[in-house]
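Heads up: the structure comes next, in structure tokens.
Quantities reported herein were computed from a predicted structural model and do not represent experimental measurements. Numbers restart at 1 for each chain; the letters A, B, ... are given by sequence-line order, proteins then strands.
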There are 2 protein chains.
Amino acid sequence: MLLSALSNVEPLPAVSEPPASGGAASVEVMADDEPTIGLLAGLDPAVAAELLEQAERRVVRADEVLFTAGQLAHSVHVLGAGAAKLVQAMPGGAQIIVKYVRPGEIFGSPALLDRFYPTDAVAVTEGVELRWSSQLVRTYIDRHPRVAFNVIGDLEARLREMESRLRDLSKEPVEQRLARAILKLVEMFGRQTREGVEIPFPVSRQDLADLIGSTLPTVSRTVRAWEAQRQIRRSRRRLVIADVEAVARILYQENAREPDHERGRSRTARQ
Amino acid sequence: MLLSALSNVEPLPAVSEPPASGGAASVEVMADDEPTIGLLAGLDPAVAAELLEQAERRVVRADEVLFTAGQLAHSVHVLGAGAAKLVQAMPGGAQIIVKYVRPGEIFGSPALLDRFYPTDAVAVTEGVELRWSSQLVRTYIDRHPRVAFNVIGDLEARLREMESRLRDLSKEPVEQRLARAILKLVEMFGRQTREGVEIPFPVSRQDLADLIGSTLPTVSRTVRAWEAQRQIRRSRRRLVIADVEAVARILYQENAREPDHERGRSRTARQ
DNA sequence: CGGGTCGTTGAGGGCTATCAACAAGTGTGG
DNA sequence: CCACACTTGTTGATAGCCCTCAACGACCCG
């Protein structure tokens with residue numbers, strides 16, 4: 001009964017490593033419609049199916065809050081479909097978007113350690129959420145170490161992603177940070193349409209600002225300029241990237257001051 | 001033979017959760033001299049001892065490179081003593097310090113997944129490094145799931161730390177970021193001396209800049225001002241924080257615009 | 001004591017946050 | 001279906017933080 005549309009996931013592709021997600025702008029558009037659930041990767045198909053069956057499935061509406069920061073984390077979450085954002089509110093009302101979550105990615109993993117959720121999680125589209133009680137996952141980890149590796153892999157990937165964002169935030173101007181953020185969205189969620197690549201959920205200017213650590217007016221101006229150059233369009237609150245490569249090219253404009261021909265890094269080169 | 005000074009760690013304190021390391025400025029100074037090795041937490045003492053014995057121990061000099069970014073990660077690392085920094089070089093020669101590592105913390109965990117080290121690791125003091133081949137750790141994870149939880153816990157903690165830094169970097173001016181960074185160093189490495197709390201290894205202005213995403217001259221100016229106010233001193237290349245509370249107070253100066261009395265967040269409040 | 005690294009300080013200007021007012025889009029109820 | 005309220009986005013003006021460039025001083029090590 002809990003098992004429904006998703007039971008067809010059973011024949012899992014074995015051990016599919018998540019893409020390395022390096023800092024470079026590998027411009028690709030998401031292909032698969034059926035999410036690869038990181039947590040189940042590489043498991044004996046029977047075990048995977050069993051674990052999948054025990055997930056609590058739930059349809060979520062857009063803008064629904066999946067959990068909030070500070071709650072005791074009781075379960076581990078994965079999206080079966082849809083998308084969500086992890087948001088951290090700051091004193092004063094500002095907020096940052098820590099991450100967009102796509103189907104298959106684990107979130108809420110602090111549950112495994114009986115910690116508190118560090119962020120709010122908000123669905124940005126209608127979708128399907130799978131939840132496992134932390135206790136259950138722990139028993140699976142005990143019996144199937146592969147599950148632990150899958151969690152570790154996911155956390156490592158997120159850590160790499162955060163490191164990369166930290167780097168960008170420190171050293172790149174808004175324009176490039178914004179380009180990078182959009183390219184990342186394309187890579188994670190982009191759907192090819194006739195008009196270009198579409199991000200299939202609303203992304204407001206404020207969202208973009210919260211993603212790159214900037215402000216609404218600044219983001220607006222920048223995006224506007226790109227709209228004027230026909231690189232980006234907007235159709236009913238959704239971003240459509242008409243010319244992905246043009247956006248990617250922004251990353252290399254005027255940036256990358258030549259790496260300083262001296263052997264030892266000169267002083268100014270370090271910053 | 002490999003087993004030497006560290007064998008006395010055997011009677012481990014059970015299940016010591018690492019401190020939550022929240023965003024707030026809990027001003028405390030490190031107390032324990034014998035590191036609690038996260039990887040071994042909560043294990044049967046016999047197993048812990050066994051695993052500890054299998055570590056490859058190595059004395060490292062200050063400034064020694066423990067591994068470099070891009071290398072295939074063959075082992076999981078922990079410091080038995082000393083301190084290290086994880087550094088990510090950026091095109092153009094700039095770099096950022098991703099993290100300072102203290103004794104007991106796991107680093108180089110990508111090894112578990114046969115990935116590549118994402119950063120350079122450089123010792124900042126003489127110290128002791130423990131290494132386990134990734135293969136060995138994996139067999140321990142298979143047999144003792146607690147090891148996996150320890151890794152997960154460590155990664156979670158780092159993720160929280162990164163989120164917190166991302167938040168600060170987005171929204172705080174240099175002065176406060178700097179104060180926060182210094183307080184963090186105090187919390188992680190600070191030793192109480194007669195003159196104040198000392199960070200027991202050299203931290204250059206450039207290091208501080210790389211830590212907060214700023215530049216050497218700016219950091220220099222700021223720190224200089226604090227030195228003039230006797231909050232901070234320097235003795236042979238080491239930071240000494242004379243008045244920790246004064247530094248902590250900087251976090252609250254002029255910051256924290258009042259949280260907006262309206263019920264719904266006003267527009268400007270979000271940014 | 002000399003070279004090199006690291007730190008200090010000044011001047012200048014660009015980027016972008018901030019403030020503010022208006023426009024456009026979206027959804028709702030009459 | 002239109003009008004209205006509300007949210008979201010646009011655009012201008014301004015200020016100021018901090019990066020950049022640059023030159024000099026201090027410290028450390030051989």
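The shortest distance between the side-chain N/O atoms of A/Arg205 and the OP1/OP2 oxygens of D/dT10 is below 4.0 Å. The shortest distance between the side-chain N/O atoms of A/Ser204 and the OP1/OP2 oxygens of D/dT8 is not below 4.0 Å. Phosphate proximity of C/dT16 to A/Arg221: absent, as no side-chain N or O sits under 4.0 Å from OP1 or OP2. The phosphate of D/dG9 has neither OP1 nor OP2 within less than 4.0 Å of any side-chain N or O from A/Ser220.
For the pair B/Leu239 CG and C/dC6 P, the interatomic distance rounds to 15 Å; values are reported in whole Å. When rounded to the nearest whole Å, the span between CD1 of B/Ile212 and P of D/dC19 equals 8 Å. For the pair A/Gln206 CD and C/dT18 C1', the interatomic distance rounds to 14 Å; values are reported in whole Å. A straight line from CZ of B/Arg224 to C1' of D/dG25 spans 11 Å, rounded to a whole angstrom. D/dG9 atom P lies 13 Å from atom CG of A/Leu178, rounded to whole Å. Nucleotide C/dC6 holds its C1' atom 15 Å from the CZ atom of B/Arg238, rounded to whole Å. Taking atom CG of residue A/Leu169 and atom C1' of nucleotide C/dT16, one finds them 13 Å apart after rounding to whole Å. Nucleotide D/dT10 holds its C1' atom 9 Å from the CG atom of A/Leu216, rounded to whole Å.
Checking each of B/Arg236, B/Arg237, B/Arg233, B/Arg238 against B/Glu198 for a salt bridge (Lys or Arg N to Asp or Glu O under 4.0 Å) leaves exactly one that passes, namely B/Arg236.
Under the 30°/60° scheme for interplanar angles, the aromatic rings of B/Phe67 and B/Tyr117 are found to lie parallel.
Summary of the strand contacts: A/Val174 and A/Arg237 both lie near DNA chain C, and taking for each the nucleotide with the nearest heavy atom, the more 5' one is attributed to A/Val174. Nearest-nucleotide assignment on DNA chain D puts the 5′-proximal partner with A/Thr218, out of B/Arg236 and A/Thr218.
B/Asp210 contributes no side-chain N or O that, together with a main-chain N or O of B/Asp207, makes up a donor-acceptor pair within less than 3.5 Å.
When heavy atoms are screened at a 4.0 angstrom cut-off, B/Arg234 is found touching the sugar-phosphate backbone but no base atom.
A salt bridge does not link B/Lys85 to B/Asp120: none of the charged side-chain nitrogens sits closer than 4.0 Å to a carboxylate oxygen.
Note that the CZ atom of A/Arg224 and the CD atom of A/Gln229 stand 12.0 Å from one another [nearest 0.5 Å].
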